[in-house]
Number of protein chains: 2
Amino acid sequence: MLHDHAEGNPYQANCPTRRILDRIADKWTVLILSIVAGQPTRFNALRRQVDGLSQKVLSQTLKSLERDGLVTRHAFATVPVTVEYAITPLGASLAETLAPLARWASAHMDEIADAQAAFDQRCADTAA
Amino acid sequence: MLHDHAEGNPYQANCPTRRILDRIADKWTVLILSIVAGQPTRFNALRRQVDGLSQKVLSQTLKSLERDGLVTRHAFATVPVTVEYAITPLGASLAETLAPLARWASAHMDEIADAQAAFDQRCADTAA
DNA sequence: AGCATTTAGTTTCCATTGGATACCTGGTTC
DNA sequence: GAACCAGGTATCCAATGGAAACTAAATGCT
């Protein structure tokens, strides 16, 4: 178990790595982090860029990312107040890890679509 | 928009890549896929290895992974029936993409814990 | 005979989460 | 003084997640 403590074991429910995995293996985290990694981005800019992302979830996700030290929040005393979210070095290293995920989805979407169609066909055949 | 169709744009809610991202950017998918990638595994073996994973969610996740062509399901007419889930080539390529995620969590858990502690301290100070 | 056990699920129920929408604050422009 | 940005909260309902009970079929134990 010392071994687990040293390395972390995400298969264990109460391990820190499991909690981290739960946070980072998330659709919105992947998308937001990849944008912010490119350049500092304002709250509403993020909301506009990520289609389907509600204000509430964006707010929660950003708060969580900030707490985890993955992004920083910077409020500027302009009028109206603008708030910019920027990547941290830790966040940048995660973004690099996450980027292949989006690329994989893009590269293999046709194969997945084919697999789904084949599966659904088999189901239909069985049912008939 | 042809560009989007050719490459996929996960920032668009209705894009196939977004739906794929939603499926694969998931705690259970990461954990299950990484086990099955190692060797074919039975239903209950998965449930026992992944702490906190309920039968319902395991069943749903496996069905989804099978439909997406990432794992195959093989039922053996033993008694009681045993069912083995095995990785496909497509699933193996995803597992390779996902593995760095768990490794990242393991490698940076201390930094995240520190960031959280610092953040909570700042919050406490502000509140006080 | 009859009951527990095993496998792989499904079903049921309740708590948590997600998403849509409305609202708030504060200053500016028209 | 009404309308309009920004960056959020508050509220409500639907969907999801998880715990636990239940199913089926066959075998072993008593």
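A note on names: the letters A, B, ... follow the listed sequences, proteins ahead of strands, and every chain is numbered from 1.
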Report all interatomic pairs (protein N or O, nucleotide N or O of nucleotides 20-25 of chain C) with separations under 3.5 Å.
residue, atom, partner, partner atom, Å
C/dA22, N6, A/Gln55, OE1, 3.3

ring-ring contact (aromatic ring centres under 6.0 Å, His included) against A/Trp104, all qualifying residues, sequence neighbours excluded: A/His108

Taking only heavy atoms on the protein side, list every residue of residues 16-34 of chain A lying under 4.0 Å from any atom of DNA chain C, sorted numerically. A/Lys27, A/Trp28

Go through residues 37-50 of chain B and report each residue with a non-hydrogen atom lying under 4.0 Å from DNA chain C, sorted by number. B/Arg42, B/Phe43, B/Asn44

Where do A/Gln12 and A/Arg18 come nearest, in terms of heavy atoms and distance? O-CB, 3.3 Å

Indicate yes or no: at least one non-hydrogen side-chain atom of A/Leu98 is less than 4.5 angstrom from one of A/Ser34. no

Checking the side chain of A/Thr61 only, and the main-chain atoms of A/Val57 only, is there a donor and an acceptor separated by less than 3.5 Å? yes

Using only side-chain N and O atoms of A/Ser59, determine if any of them is under 4.0 Å from OP1 or OP2 of D/dT9. yes

Close side-chain approach of A/Leu65 to A/Val36, heavy-atom, < 4.5 Å: no

Do A/Ile24 and A/Tyr11 sit in one hydrophobic cluster, given that two such residues count as connected whenever their side-chain heavy atoms are within less than 4.5 Å of each other, even indirectly? yes

Straight-line distance of B/Asp68 CG to A/Met109 CE, nearest 0.5 Å: 14.5 Å

Roughly how many Å is it from CZ in B/Phe76 to C1' in C/dT6, rounded to a whole number? 17 Å

Distance, rounded to the nearest Å, where B/Leu58 contributes CG and D/dA20 contributes P: 17 Å

To the nearest Å, give me how far apart OH (B/Tyr85) and C1' (C/dA8) are. 8 Å

B/Leu62 CG to C/dT7 P, straight-line distance once rounded to whole Å: 16 Å

Angle between terminal axes - the helix from C/dA1-D/dT30 to C/dC30-D/dG1, 5 pairs each end, rounded to 10°: 30°

Closest non-hydrogen atoms of A/Thr17 and A/Pro10, given as atom of the first, atom of the second and distance, are OG1-N, 3.2 Å

Find the distance B/Gln60:CD to C/dA8:P and express it as a whole number of Å. 18 Å

Rounded distance (nearest 0.5 Å) linking atom OG1 of B/Thr41 with atom CD1 of B/Ile87: 9.5 Å

When you measure from the side chain of A/Thr29 to the backbone N and O of A/Arg23, does any donor-acceptor pair fall under 3.5 Å? yes

Walk me through whether A/Ser64 and A/Gln60 qualify under side-chain contact (heavy atoms from CB on, under 4.5 Å). CA-CA 6 Å; A/Ser64 193; A/Gln60 287 172 347; over 6 Å; no

Polar atoms only, N or O, under 3.5 Å: list the protein pairs with nucleotides 26-30 of chain D and their distances.
none

Using modelled atom types only, decide if a donor and an acceptor are shared between the side chain of A/Asp51 and the backbone of B/Ala13 within a distance under 3.5 Å. yes

How many angstroms lie between atom CG of A/Asp26 and atom CD1 of A/Ile32, to the nearest 0.5 angstrom? 8.0 Å

Any side-chain to backbone donor/acceptor pair from A/Thr97 onto B/Pro100? Under 3.5 Å, distance only. no

Minimum heavy-atom separation for A/Leu53 and A/Arg47, please, with both atom names. O-CG, 3.7 Å

Over all heavy atoms of both residues, which pair between B/Glu84 and B/Pro40 is shortest? Give the atoms and the distance, please. OE1-CB, 3.5 Å

